[in-house]
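Report on the structure given below.
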Amino acid sequence: MAKVEFVDIGKIYPGPVEAVKHLDLTINDGEFMCLLGPSGCGKSTTMRMIAGLEEITSGKMYIDDVCVNTMSSRDRDVAMAFENYALYPNMSVGENIAFPLEIRKVDKDVIEQKVLEAARLLGIEDLLHESVKGLSGGVQQRVGVARALVRNPKVLILDEPISHLEEELKAKMREELRKLQRKLNVTTLYVTHDQIEAMVMADRIAVMNQGVLQQVDTPQMIYHNPANVFVGGFIGEPPMNFISCSLSRDQGETSFTFDEIRMSCPEELFTRIESASDTGSVIIGVRDTHIELSDKPQEGFVQGKVFFIEPRSEELLVTIEIGKHRILATTGLKTPVVIDAPVWIALDYERCSYYHTETEQNLFG
Amino acid sequence: MATIRFEQVQKKFGRVNALKNLSFQTEPGEFSFLLGPSGAGKTTILSLIAGILPASHGRIYFDDRDITDLKPRERDVAIAFESYALYPNRTVMGNIRFPLDAPIRKKELSEAEKVAKVHEIARMLQIEELLDRFPRELSGGQRQRVALGRTLVRRPTFFLLDEPIAHLDAKLRHQMRGELKRLQQEMGIATFCASPDQSEAVAMADRIFLLNKGVLEQVGKPDELYFHPSNEFVALMLGEPKMSIFPVDIVEENQQFFIKNDDVQFAAPDGFDNLIKQHNLPSRVDIGLRHTDLEISFSEQGDGYVPFTIDFFQINGQKLIITAQRGNTRILIETLFNTEMQVNYGDPVWIRWDSEHFYVFDTETKQSLV
C-alpha cells in the first residue's frame with residue numbers, strides 16, 4: 001500500500017522529444033487510477049517512470065514519501081502486468097506465478113502458499129500445473145496479474161491488460177480486476193486508451209494528451225465538466241458536441257450565433273461568458289442527452305435537419321445537421337423524427353460547458 | 001440491383017470447417033449486415049463473394065449467374081478490408097482514384113470527372129485536405145477512410161465492407177454510419193458489411209445475417225432479431241447491456257403465474273399466462289430478461305419487487321449498469337445515473353418483472369420456445 005507522487009516530472013528522449021511535460025500527479029493510497037489518453041500521449045512513459053524502467057529527466061517522484069528517482073526498479077516494489085502477458089512459455093502456470101518470488105530467493109514453503117493464494121484470487125488454482133501455452137487470452141491475463149500480485153507489491157501497474165480481448169471477456173475481466181483491487185486495496189495505476197474502460201473502472205481518471213496532463217478527477221466530474229475541448233471530445237460515447245459561436249447583442253437581446261443561426265441566450269449567462277472570455281466568442285460543449293428535440297417550431301428552439309437515426313434499446317441517437325455542424329442528440333424512442341425532415345432543437349444551457357475559443361479551456365472551471 | 005445467393009457453400013481450411021453448408025440470399029439493393037463474434041467466418045464469406053478464396057463446396061450466384069468459378073476481377077465487386085492495404089507509394093488521391101484508372105474502366109470518365117469524383121468521396125469521408133499525403137503520414141483512422149474511399153469511388157455491382165469503421169474515433173464512427181448508409185441508399189448498390197459490433201448492425205442494417213461458428217443463426221430485420229431471437233445466442237448478441245438468461249420453473253399459485261429460480265420468484269406480467277397456453281410451455285424453461293423488461297428501485301418496495309444485492313456496478317456517463325445478484329441469479333440492469341445517487345457494493349436493490357415482450361428458451365437446445 002502506497003502513495004505515488006509526481007512532482008513537476010519531465011521526460012525528454014534524445015531527439016529531443018518531450019514525452020512528458022511538467023507532470024504533477026498524486027495517486028492516493030489504495031486508489032484505482034486510470035491513466036487515459038490516445039496513443040503517443042505519454043501515458044506509457046509515465047507508467048514506466050514509476051516502475052523504474054525509464055529514467056526521469058526532471059522533477060521528483062515519490063513512493064510513500066521516499067524519492068525514488070535513482071532507486072533501481074527492483075527496489076521500488078512496483079509490479080506490472082502487460083497487454084501481451086509476457087509469460088514464460090516453457091513454464092507452467094504455477095512456475096510463472098512463482099517466478100518473482102524465486103528470484104528473490106523466498107522460502108519454498110512460503111512460495112507455495114503465496115502462489116496458491118494469488119491463484120485462488122484469480123480463480124486459476126486448478127491450472128497451476130498446466131502449461132501456459134494452450135491457455136486462452138483471458139486465462140493468460142489472469143496468470144499475468146497473479147504473477148504481479150504474488151509478492152504483495154506497494155503499487156500495481158496494469159498496462160492495457162485487456163484491450164485486445166473480445167468484448168464479452170473484456171466486460172468480465174473489468175469486473176474481476178476491479179473487485180480484486182478493492183479486495184486487496186492495492187494502489188493501482190491502470191493504463192488504457194479506452195475511455196469506456198476508464199469511465200467504468202476508475203476511482204479517478206488522469207487524462208493525458210501530447211505529454212501534458214489535461215485533467216484529473218472522478219469519472220463523473222470528467223464526464224460532466226470536462227476541463228477542455230480535448231477531454232470533452234475524448235470522453236463519452238458519443239463524445240461531447242462542440243459549437244463554436246460568436247456572442248452577439250442586438251437591441252438588448254443576447255444570443256449565440258453560429259453558421260448564421262441565432263440561438264437566444266439568457267442575459268445572465270451571456271454576461272458571465274462575455275466577462276470570462278476576451279474574444280467575443282465561445283465554444284459551447286453539450287452532451288447528447290442535454291439537447292431537447294421537437295418536431296415543431298418552438299420558442300427558443302433553432303431549426304436543423306435529421307441526418308441519421310440510430311436506434312438503441314431504449315432511445316434514439318439522432319445526428320442533426322444544423323448550419324455546418326453535425327450534432328448527436330439522444331432522445332426517447334417515441335420522438336417523431338424522420339430522416340431529412342426538419343427538427344427543432346434547444347440546448348440545456350445549465351448543463352453545457354463553455355470553452356475559450358483560442359485556449360479551448362473551460363471558462364468556468 | 002443485384003442479389004447474392006449462397007447454395008450449400010462450405011469452406012474448409014485444412015480440417016477446420018470454417019463455413020458449414022451455408023445457404024442464404026440477399027435482397028436487391030439491400031444493406032446486408034454480417035454480424036458475429038471474431039472467428040465466426042465473416043471475413044471468409046466476404047472473401048468467397050469477392051473470389052479471393054475458392055469455396056470448398058457449393059455454388060455462389062449473383063442474381064441467376066453462377067459466379068463460383070469466376071476470377072475476382074470478373075465479379076465486379078468493390079471490397080474494403082479492415083487491414084486497409086493501401087499503396088504506400090501513392091498519395092491519398094492516387095489511392096482513391098486507382099480503381100478509376102484500371103484498364104477496363106480507364107476511358108469511362110474524363111480526367112476532370114475522375115478528380116471531381118475523388119473530391120466528392122474525400123469530402124464525404126472528411127479527408128479532402130489529406131489528398132496529397134502518403135499513407136505513412138496518416139493515422140489508422142485516416143487510412144481506414146482512404147481504403148473506404150477507394151472502395152466507394154466507383155459503382156460496382158456489390159460493395160463488400162469488412163469492419164469499415166472499426167478504427168475511427170467515436171464521433172467520426174457515428175457520422176460514418178450515417179454517411180455510409182445514406183450513400184448506399186442513394187447509390188442503390190447492394191452492400192455486404194461485416195462487423196462484430198451489434199450497435200453498428202442495428203444502426204445500419206436492412207437485414208442482419210447473424211453468424212456463429214460458420215453457421216447462420218438467424219437472418220432478419222434488426223427489430224426481428226431483437227424482439228424475436230430464434231435462440232439464446234442471438235438474444236445475447238443484440239442489445240446492450242446483455243439480456244440476462246437463467247433457468248426457471250414456471251409455477252402457478254392462486255391463478256397467478258410466477259417464475260422461480262431458487263429463492264428468486266418474479267410474478268409474471270399480464271400476457272404471460274396466454275403465452276404459456278399458446279405455446280404449451282414446459283414447466284422448466286430458460287427465461288430471458290432485458291433491462292427494459294425490469295423495474296428497479298433503490299428503496300424497499302412490496303408488490304412483486306424482489307430484493308437483490310449489488311454485486312458490481314459501472315457508471316458510464318449518465319448510465320448506471322448494475323449486476324444484481326440473489327443466490328445464483330444474476331441480472332444486468334441499467335438505469336439513469338445522476339451525481340446525487342449513492343451506489344455501493346453490497347447495497348440492496350429491488351427488482352420487478354414488467355414486460356410486454358417475453359423471451360423463453362428451451363433449457364437444453366437453447367432455442368426459442370415462443
Side-chain angles (χ1 to χ4, degrees), chain A residues 38-40 166-169 171-172 174-176 178-179 182-183 195-202 218-225 233-242 287-290 306-321 326-328 330 333 339-340 351, chain B residues 37-39 126 139-141 169-182 185 196-205 222-223 226-227 236-243 290-293 311-321 323 332 334-341 345:
Chain A
S39 61
E166 278 214 12
E167 231 13 83
E168 195 163 337
L169 188 55
K172 192 160 169 251
R174 274 179 201 155
E175 178 171 342
E176 245 177 53
R178 193 60 239 259
K179 278 182 172 168
R182 275 188 200 279
K183 194 158 154 190
Q195 60 94 13
I196 293 182
E197 211 160 283
M199 285 293 284
V200 301
M201 290 180 83
T218 61
Q220 283 307 300
M221 285 304 290
I222 286 193
Y223 181 86
H224 288 288
N225 203 15
F234 195 69
I235 298 271
E237 163 55 36
M240 192 172 242
N241 296 292
F242 295 103
R287 290 280 175 204
D288 57 305
T289 42
H290 299 154
V306 177
F307 181 75
F308 194 57
I309 303 166
E310 291 185 39
R312 298 180 153 192
S313 44
E314 260 190 307
E315 60 209 19
L316 301 174
L317 182 63
V318 185
T319 308
I320 298 162
E321 271 186 341
R326 290 240 177 102
I327 289 170
L328 287 165
T330 292
L333 275 180
I339 288 189
D340 285 339
R351 298 162 92 170
Chain B
S38 71
Q126 300 180 28
S139 71
D169 64 42
K171 173 111 189 185
L172 209 50
R173 208 159 53 225
H174 288 291
Q175 291 206 6
M176 287 305 303
R177 286 177 184 177
E179 293 280 12
L180 262 182
K181 172 79 179 192
R182 289 180 62 112
Q185 279 175 338
D197 183 339
Q198 62 94 21
S199 66
E200 211 166 287
V202 171
M204 292 163 71
D223 267 6
Y226 187 84
F227 289 113
L236 289 169
M237 273 302 283
L238 278 280
E240 197 52 49
K242 284 187 190 307
M243 182 187 279
R290 289 197 191 278
H291 72 97
T292 45
D293 301 334
D311 181 56
F312 189 65
F313 67 91
Q314 306 182 32
I315 298 163
N316 189 4
Q318 351 233 351
K319 284 179 184 153
L320 170 65
I321 301 144
T323 310
L332 277 174
E334 182 186 285
T335 180
L336 279 179
F337 180 79
N338 63 60
T339 32
E340 286 93 62
M341 281 165 90
Y345 290 88

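Numbered from 1 within each chain, the chains take letters A, B, ... in sequence-line order. All values reported here derive from a predicted model rather than from experimental measurement.
- When all heavy atoms of B/A170 and A/P239 are compared, the closest pair comes out as CB-CD, 3.6 Å.
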Task: side chain to side chain contact (heavy atoms under 4.5 Å, CB included) evaluation trace for B/Q318 with A/H224 - done: CA-CA 9 Å; B/Q318 351 233 351; A/H224 288 288; 4.1 Å; yes
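- Heavy-atom pairs under 4.5 Å with chain A were tallied for B/E200, B/E334, B/Q198, B/Q175; the largest tally goes to B/Q175.
- Options B/K319, B/M204, B/R290 differ in how many heavy-atom pairs under 4.5 Å they form with chain A, and the most are formed by B/K319.
- If you measure heavy-atom distances from A/V306 to chain B, the contacts under 4.5 Å come from the backbone alone.
- Across all their heavy atoms, B/G317 and A/Q220 have their closest contact at O-NE2, 3.4 Å.
- Shown here is A/K179, whose NZ atom has more than 12 heavy atoms of other residues, nucleotides or ligands within 6.0 Å.
- Here B/Q314 pairs with A/R174, A/V200, B/F312 under the side-chain contact (heavy atoms from CB on, under 4.5 Å) rule; sequence neighbours left out.
- A distance of 8.0 Å separates CD of A/E314 from CG of B/L336, quoted to the nearest 0.5 Å.
- Per-residue heavy-atom pair counts under 4.5 Å with chain A were compared for B/K181, B/R177, B/K242, B/H291, and the maximum is reached by B/R177.
- Proximity to chain B (any heavy atom under 4.5 Å) is restricted, for A/L317, to the side chain, taken from C-beta onward.
- Contact check on B/E179 versus A/R326 returns a salt bridge, with a Lys/Arg side-chain nitrogen under 4.0 Å from an Asp/Glu carboxylate oxygen.
- Chain A forms more heavy-atom pairs under 4.5 Å with one residue of B/N316, B/D223, B/D197 than with any other, namely B/N316.
- For A/P219, no part lies near chain B; criterion is any non-hydrogen pair under 4.5 Å.
- A heavy-atom distance below 4.5 Å is found between the side chains of A/R178 and B/Y345.
- Contacts of B/Y226 classified as ring-ring contact (aromatic ring centres under 6.0 Å, His included), with partners at least two apart in sequence or in another chain: none.
- In this structure, no portion of B/S139 lies under 4.5 Å from any heavy atom of chain A.
- Contact annotation: the side chain of A/I339 approaches that of B/R182 to within less than 4.5 Å [non-hydrogen atoms, C-beta and beyond].
- For B/R173 and A/E237, the salt-bridge test passes: some basic side-chain N is under 4.0 Å from an acidic carboxylate O.
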